[in-house]
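Remarks on the structure that follows.
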Amino acid sequence: MKQSPKFDKVLLPQKGTCIEVEDDQLQVPDDPIISFIEGDGVGPDIWRASRRVFDAAVEICYSGKRRIEWMEIYAGEKAKKKYGEWLPRDTYAVVRHLHVAIKGPLTTPIGGGFRSLNVTLRQELDLYACVRPVRYFEGVPSPIKRPQDLDIVIFRENTEDVYAGIEWKKGSQEAKKIIDFVSRELGFEISKDSGIGIKSMSVFATQRLVRRAIQYAIDHKCPSVTLMHKGNIMKFTEGAFKEWGYAIAKKEFNDSTIAESELSSQPGGSAPKGKVLIKDRIADSMFQQILLRPKEYSVVAAPNLNGDYISDAAVAHVGGLGLAPGANIGDTIAFFEATHGTAPKYAGQDKINPGSMILSGVMMFEHLGWQEVADGIVRGLAQAIKARTVTYDLARQMEGAKEVRCSEFAEAIVRHMKEA
């Protein structure tokens, strides 16, 4: 059993047991300690509602034989007040120790101030895979005719691409040096009034992301993995992402996968039974594909920026970010999160849709191996929406809906779980 570390300003709960990792597998006790960050803005509202659902679901499924012991850790505004900094070392240390965490949205100013806390967490903890499932719940308003046809899981690389934050301001000495170097040594002219950013993609980061996407498809019996890229223009970054993705499929999953190019002579291009089809699509085409031919896509693996764009575009088809779960996953750590912003104008109003965090909790329980809890929450949420008992963001688009508060939506989910 691991030795309990000492933290600066937080303590492990007296009750509960730490999750262990053996041979890269989680060893989950019946009373795991799981850390949480409330988040900024509407974070406290949606966390209270979500925790109510989580605790109720565990109790309903296991009748007291299992429970979660929650431990609050800090990032964002609460961390600034408690530690004098936005992202203290305590937070990293606790998450590394406990392996599983969940959080609300965190403040990140646009165009200045401190760097994105979300990006910093991902990079500091090497949470290289951003995983975002997108699915439809009956009754949710949608701008497309058949939203139920869209059911995908997006694996977005988290550590590289332009999100790595390697950039310099227009007019800075660093920008001038790079512009001069590129002109003098490489023969490319860049306007001298440019800001400069570096886009890098490596074999290592690409292949561990694609490896996880393929393994997910195999484990969940998904028909395909699509590599989304802009390799027709950026041949040595995005194009390389595609090539490296195919290479890892061939090298490590040859018995379980087949490349689309190998099926070109077969009518319909269907993979043989038991094999996952590996294919690729140009990024701009992919946005059209999920509108016109959504049934052809199940798992999508994408570089950082593409993955961000396609995640938000896809969830717009099935209810918006209020129902968009997400997880940032590394080899031994998983951080689940609400994927929307802090919405400060709604803070403290008990109004915002908690669905994003609740569904992120579903992913968390699946990660723990508590599938009964995950399934129960999904059923309760689906029934609440079907009954048109929803928060304002959905109610304003649903005829005959009863608008309820954030906390009341949580209670409706719990009620439907108990009735199931």
Side-chain angles (χ1 to χ4, degrees), residues 34-58 68 70-79 91 100-108 116-118 121 130 132-135 137 140 311-312 315-316 318-328 334-365 373-374 376-378 380-382 384-385 389-397 401-417:
I34 294 179
S35 55
F36 70 91
I37 297 170
E38 276 192 338
D40 299 323
V42 298
D45 287 346
I46 63 173
W47 170 248
R48 283 190 294 270
S50 300
R51 180 171 174 173
R52 168 71 177 117
V53 172
F54 300 156
D55 289 340
V58 172
I68 300 292
W70 301 104
M71 177 182 180
E72 185 171 12
I73 55 177
Y74 300 90
E77 293 169 354
K78 288 183 77 171
T91 298
V100 177
I102 187 167
K103 73 175 189 67
L106 295 173
T107 296
T108 297
S116 166
L117 299 182
N118 292 321
L121 276 169
C130 180
R132 293 187 176 180
V134 181
R135 55 162 293 179
F137 289 95
V140 169
S311 297
D312 285 10
V315 81
V318 293
L321 287 173
L323 292 173
N328 297 294
F335 217 135
F336 301 87
E337 65 176 352
T339 59
H340 54 72
T342 58
K345 71 177 182 178
Y346 295 120
Q349 296 183 29
D350 193 21
K351 183 174 183 177
I352 208 78
N353 185 348
S356 177
M357 180 167 275
I358 289 172
L359 289 171
S360 297
V362 168
M363 296 178 70
M364 181 188 74
F365 285 114
V373 178
I377 294 172
V378 169
L381 178 69
I385 293 173
T389 306
V390 291
T391 48
Y392 84 100
D393 57 313
L394 298 178
R396 62 187 176 181
Q397 303 177 68
K402 177 185 178 183
E403 181 179 331
V404 296
R405 294 181 175 275
C406 175
S407 57
E408 292 170 335
F409 185 55
E411 292 301 329
I413 293 171
V414 172
R415 184 171 65 253
H416 285 292
M417 284 194 295

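Worth knowing before you read on, the calculation uses all heavy atoms, side chains too, and leaves out hydrogens, waters and symmetry mates. The chain is numbered in sequence order, starting from 1.
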Exercise. Checking side-chain contact (heavy atoms from CB on, under 4.5 Å) for the pair I68/R51: CA distance, chi angles, key distance, verdict?
Worked result: CA-CA 10 Å; I68 300 292; R51 180 171 174 173; over 6 Å; no
Exercise. Got a second to check how far T342's OG1 is from E77's CD, nearest 0.5 Å?
Worked result: 7.5 Å
Problem set entry | Spacing of CD belonging to E38 relative to CE belonging to M357, to within rounding of 0.5 Å | 9.0 Å
Exercise. With a 4.5 Å heavy-atom cut-off, do L121 and N328 have their side chains touching?
Worked result: no
Exercise. Quick one: side chain to side chain donor-acceptor pair (under 3.5 Å) partners of E411, sequence neighbours excluded?
Worked result: R52
Exercise. Do other residues, nucleotides or ligands put more than 12 heavy atoms under 6.0 Å from the CZ atom of R405?
Worked result: no
Problem set entry | From CG (L106) to CD1 (I37), nearest 0.5 Å | 6.0 Å
Seminar exercise, completed: Rounded to the nearest 0.5 Å, the CZ atom of F137 sits from the CG atom of L359 at a distance of 4.5 Å
For this session: State whether a side-chain donor-acceptor pair under 3.5 Å links D350 with S407.
Result: yes
For this session: Report the C-alpha distance between I102 and W70 in whole Å, list the side-chain angles of each, state the deciding distance to 0.1 Å, and finish with yes or no for side-chain contact (heavy atoms from CB on, under 4.5 Å).
Result: CA-CA 10 Å; I102 187 167; W70 301 104; 4.2 Å; yes
For this session: Heavy atoms only: give me the nearest S360-E337 pair and the separation to one decimal.
Result: OG-O, 2.6 Å
Exercise. Step by step, would you call V378 with R135 a side-chain contact (heavy atoms from CB on, under 4.5 Å)?
Worked result: CA-CA 11 Å; V378 169; R135 55 162 293 179; 3.5 Å; yes
Problem set entry | Validation row: I46, H340 side chains within 4.5 angstrom (heavy atoms) | yes
For this session: Answer yes or no: is there a side-chain heavy-atom contact under 4.5 Å between P354 and D45?
Result: no
Problem set entry | is_close_aromatic(F36, F54), centroid dist under 6.0 Å | no
Problem set entry | Side-chain donor or acceptor of S356 paired with backbone N/O of A324 under 3.5 Å | yes
Seminar exercise, completed: Closest non-hydrogen atoms of T339 and L321, given as atom of the first, atom of the second and distance, are OG1-CD2, 4.0 Å
Exercise. Are R132 and V315 close enough that some pair of their side-chain heavy atoms sits under 4.5 Å apart?
Worked result: no
Problem set entry | Axial cation check for Y392 ring with R396, 6.0 Å and 45° limits | no
Exercise. Once you round to the nearest 0.5 Å, how far does SG of C130 lie from CZ of F335?
Worked result: 13.0 Å
Problem set entry | Nearest heavy-atom neighbours spanning V390 and A384 | CG1-O, 4.4 Å
Seminar exercise, completed: In this structure, CZ of F409 is separated from CG of L394 (nearest 0.5 Å) by 7.0 Å
Exercise. Looking at A57 and M417, what are the two nearest heavy atoms and their distance?
Worked result: CB-SD, 3.7 Å
Problem set entry | Nearest heavy-atom neighbours spanning L323 and V318 | CD1-O, 4.0 Å
Problem set entry | Shortest non-hydrogen separation from V42 to A343 and the atoms involved | CG1-O, 3.3 Å
Exercise. So, does D40 use its side chain to make a donor-acceptor pair with the main chain of T107 at under 3.5 Å?
Worked result: yes
